[in-house]
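From a predicted model like this one, the values you see are computed outputs, not experimental measurements.
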Amino acid sequence: MVAFGKKLKERSIEEWQEYYINYKLMKKKVKQYGPQIEVGSLDRRHVLKDFSRMLDHQIEKIALFMLEQQGLLSSRLQKLREWHDTLQDEPDLSQIAKLREAYRAVGQDLLKLLFFIDMNAIGIRKILKKFDKRFGYRFTNYYVKTRADHPYSQLQQVFRHVGLGAVVGAISRNLHELQNNEGSYLSIYDQPVLPLQDPVVDSIKNAVDRLTHSTNFLNFMAQHALIMQDDEDLLMLPPDEQAEKEEGRYHFMSLLLNLANTFLYMVNTYIIVPTADDYSMSLGAAATVCGVVIGAMAVAQLFSSVYFSAWSNKSYFKPLIFSSIVLFFGNLLYALAYDFNSLALLLIGRLFCGFGSARAVNRRYISDCVPLKIRMQASAGFVSASALGMACGPALAGLLQTDFKIKNVTFNQDTLPGWVMAVAWLLYLIWLAISFREPAREPEEIHTSQESTSADQDGNIEKGLKKPLLLASEETEYDEEDDGDGSEESSDDSRKPANSFVAAYKLLTPSVKVQLLIYFMLKYAMEILLSESSVVTTYYFGWSMSSVSIFLFCLGLTVLPVNLVVGSYISNMFEDRQILLASEIMVCIGIVLSFHVVIPYTVPQYVISGFIMFVSAEVLEGVNLSLLSRVMSSRLSRGTYNGGLLSTEAGTIARVIADATITLAGFLGQSMLLNVTLLPSLIICLGSILATCYTYNSLY
């Protein structure tokens, strides 16, 4: 793998060399700080001050040069505008052709400037992460936060291409007007749907799209899905081949089928929650056995996540087919358990459903096969489909209140969830077989021969700009291009994905472990709230199954609005760490308020505390996964044992333990169930808060 320092030297524009970030100097300085700190000649504050000053100087140099180049481009565009105005009165086809070429020349120079921004933005991001890696500081968050939010921010010039929009608009509009449209000068503002039909404009548009391809909300939702992406692979892939590869692999109907699979699986998970206790009692078991019934699906998912993740390395279609078949039979067994009067058959049915969990395939398909320009929307769609399924499951259960028989086969509120989902998976299987298109697979070594040694400069510029420019939110905490001694070379082993859970665990930094602990905690608390809701509300309030369904449905409906508010507003007002800690505290408050310490236990207390706990956990999940996607090693963005699998396993283990806790607590009696199950939630929550405070304590 070619290190960034060498890459920067090869790809930089020769006449602008002195204005690029001096990456070699900055890296050398970072290396020097280590021995100086060890011998005591420098203290931490001096190092931070010195490094900040150097980086400020580099960014100022870049930003001022950008402004100078924007001014030159604007001046040239103004002169071309005057030339354009003269041709409005006396059209001359030869002069119009020359004018178009002049605008294209400005466009090529704009592409050079955008490429300049690209390389410098990557350099800034990498040197910050190298500093964090060497000294174990959280300097990047501090530096970006303090510089980006300042009213005179120069960092904004680099990372948000301030002022370039007007230049892009002027070139696009004028080239569009100069198209040969039978003497008609059409405006992109009057008819924006018209194709621009100019290669330069298309290249500029692709470059700008890479910079601003999504909103804060979509970024937040996508990170909520924790769909891992390897920036380095994208950086090494030539853009024309990248675009061709993405378009060749992408198929809208296949993406829709993956999202439908996500939705149906979440419905399948939660549709039985309102009736699981009643079903258990009808088979002669205690109501609290519902914990085992609900949790059986999660137990099987612990194993299915691994083999589906491995299977997705070779195929997407076959795992989805297998998943649908297993889920069909699982729901069939779940429904038939009533007439066979068999609790074992009921549990086997739920285990089958867990073995059919293809969420690892759904995530992997979006990560591998959806073009970068719409990947953020697809990731947000994954989260939305999950949230919608979570809300629709209990709601659908509330509608299935009937009781009849057809040839000794019972259809009632207990069995109908199984029958409905069996039919749903059968229909999905047919749709999948007809419409899914298996994406083409490429050899593993395709990325190793992508670096070209010679190319036309303008071609390199256009190629560079079709790569992801500013993927700071998706960059991993540890930049693995350099080895431990700070040299520019990197071994192949440092880029290989983890090949086991042990290897993956060794790649986890303390901050990542804390994020996974938080994820475990919130999943545990949410599972306790949801799974025991039917038993608790029936015991304390005498709620019917319909009332439980409505309560769970209302909880599920909060997911998208909460993520919208956090992703669009709150995340712009506060640091992620602050939101993370505040959410943990609110989850803790919700848990404390849920305890039965006052007699009588009232509906308002249960509902209000439940909503506080659930909504806070949703906020926490989004922010936590957002942070997790940024601090996880890039080696965990590929392979079977990837970051998505680790987070899924952490959450699934939490659900299994929570459901087992409910069943075990049932032996103490239903009067003790609520407090006994909430106590572990409180202990784990307090532990995660302490771990967060310790790990993310500000060093500045």
Side-chain angles (χ1 to χ4, degrees), residues 266-295 338 346 389-403 411-418 420 525-559 590-615 617-618 655 658-659 661-663 665-678 681:
M266 292 303 289
V267 172
N268 210 148
T269 301
Y270 289 99
I271 193 172
I272 72 156
V273 172
T275 59
D277 60 331
D278 184 68
Y279 204 165
S280 301
M281 289 190 293
S282 68
L283 298 179
T288 51
V289 174
C290 68
V292 174
V293 175
I294 296 170
Y338 188 91
L346 183 73
M390 182 179 179
C392 289
L396 185 58
L399 298 176
L400 302 176
Q401 297 188 61
T402 185
D403 191 352
F411 297 87
N412 58 24
Q413 65 178 18
D414 297 333
T415 63
L416 275 173
V420 169
M526 291 173 68
E527 188 72 9
I528 288 291
L529 172 66
L530 299 175
S531 295
E532 71 178 13
S533 59
S534 181
V535 179
V536 169
T537 55
T538 301
Y539 177 78
Y540 285 107
F541 318 126
W543 279 9
S544 65
M545 193 269 287
S546 298
S547 300
V548 178
S549 299
I550 293 172
F551 172 68
L552 296 176
F553 175 66
C554 292
L555 285 178
L557 286 181
T558 63
V559 175
I591 294 172
V592 171
L593 292 177
S594 297
F595 276 93
H596 179 205
V597 293
V598 178
I599 299 175
Y601 193 57
T602 62
V603 172
Q605 179 185 351
Y606 179 78
V607 172
I608 293 172
S609 61
F611 268 91
I612 291 174
M613 189 195 309
F614 187 84
V615 171
E618 277 299 322
R655 290 172 52 207
D659 291 323
T661 303
I662 293 172
T663 300
F667 289 105
L668 300 176
Q670 293 190 25
S671 62
M672 299 287 290
L673 177 66
L674 182 64
N675 288 347
V676 170
T677 54
L678 286 175
S681 300

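Atoms CG and CG, from D278 and L283 in turn, are 9.5 Å apart once rounded to the nearest 0.5 Å. Between the SG atom of C290 and the CE atom of M281 there is a distance of 9.0 Å, given to the nearest 0.5 Å. In this structure, CG in L530 is found 11.0 Å from OG1 in T269, a value given to the nearest 0.5 Å. We find the OG-CG distance between S681 and L529 to be 9.5 Å, quoted to the nearest 0.5 Å. Between atom CG of residue L674 and atom OG1 of residue T537 there is a gap of 11.0 Å, rounded to the nearest 0.5 Å. Atom OG of residue S546 and atom CG of residue L400 lie 10.5 Å apart, to the nearest 0.5 angstrom.
For the pair T663 (side chain) and T288 (backbone), a donor-acceptor distance under 3.5 Å is present. In terms of modelled atom types and a separation under 3.5 Å, the side chain of S549 and the main chain of P394 share a donor-acceptor contact. Using modelled atom types, one side-chain atom of N675 and one backbone atom of H596 make a donor-acceptor pair closer than 3.5 Å. The backbone N or O of N412 lies less than 3.5 Å from a partner atom in the side chain of T415, making a donor-acceptor pair. When atom types are taken as modelled, the side chain of Q605 and the backbone of F595 share a donor-acceptor pair closer than 3.5 angstrom.
Residues T402 and L416 have side chains in contact (heavy-atom distance under 4.5 Å, counting atoms from C-beta outward). Side-chain contact check for W543 versus S533: every heavy-atom pair is 4.5 Å or farther apart. Counting only heavy atoms from C-beta outward, the side chains of L668 and L673 never approach each other to under 4.5 Å.
When all heavy atoms of A286 and S280 are compared, the closest pair comes out as O-CB, 3.6 Å. Scanning all heavy atoms of the two residues, the minimum distance from D659 to G295 falls at OD2-CA, 2.9 Å. The nearest pair of heavy atoms linking A665 to T677 is CB-CG2, 3.9 Å. Across every non-hydrogen atom of A395 and F553, the tightest pair is CB-CD1, 3.4 Å. What you find for Q670 and A287 is that their closest heavy atoms are NE2-CB, 3.9 Å. Pairing each heavy atom of G610 with each of L555, the nearest pair is O-CD2, 4.3 Å.
Annotation: ring-ring contact (aromatic ring centres under 6.0 Å, His included) contacts of Y539 (sequence neighbours excluded): none.
Relative ring orientation between F551 and Y606 is described as tilted, the plane-to-plane angle lying within the 30° to 60° band. Y279 and Y338 have tilted rings, their planes meeting at an angle from 30° to 60° on a 0 to 90° scale.
Applying the salt bridge (charged side-chain N to carboxylate O under 4.0 Å, His left out) rule to pairs touching residues 526-554 yields E527-R655, sequence neighbours excluded.
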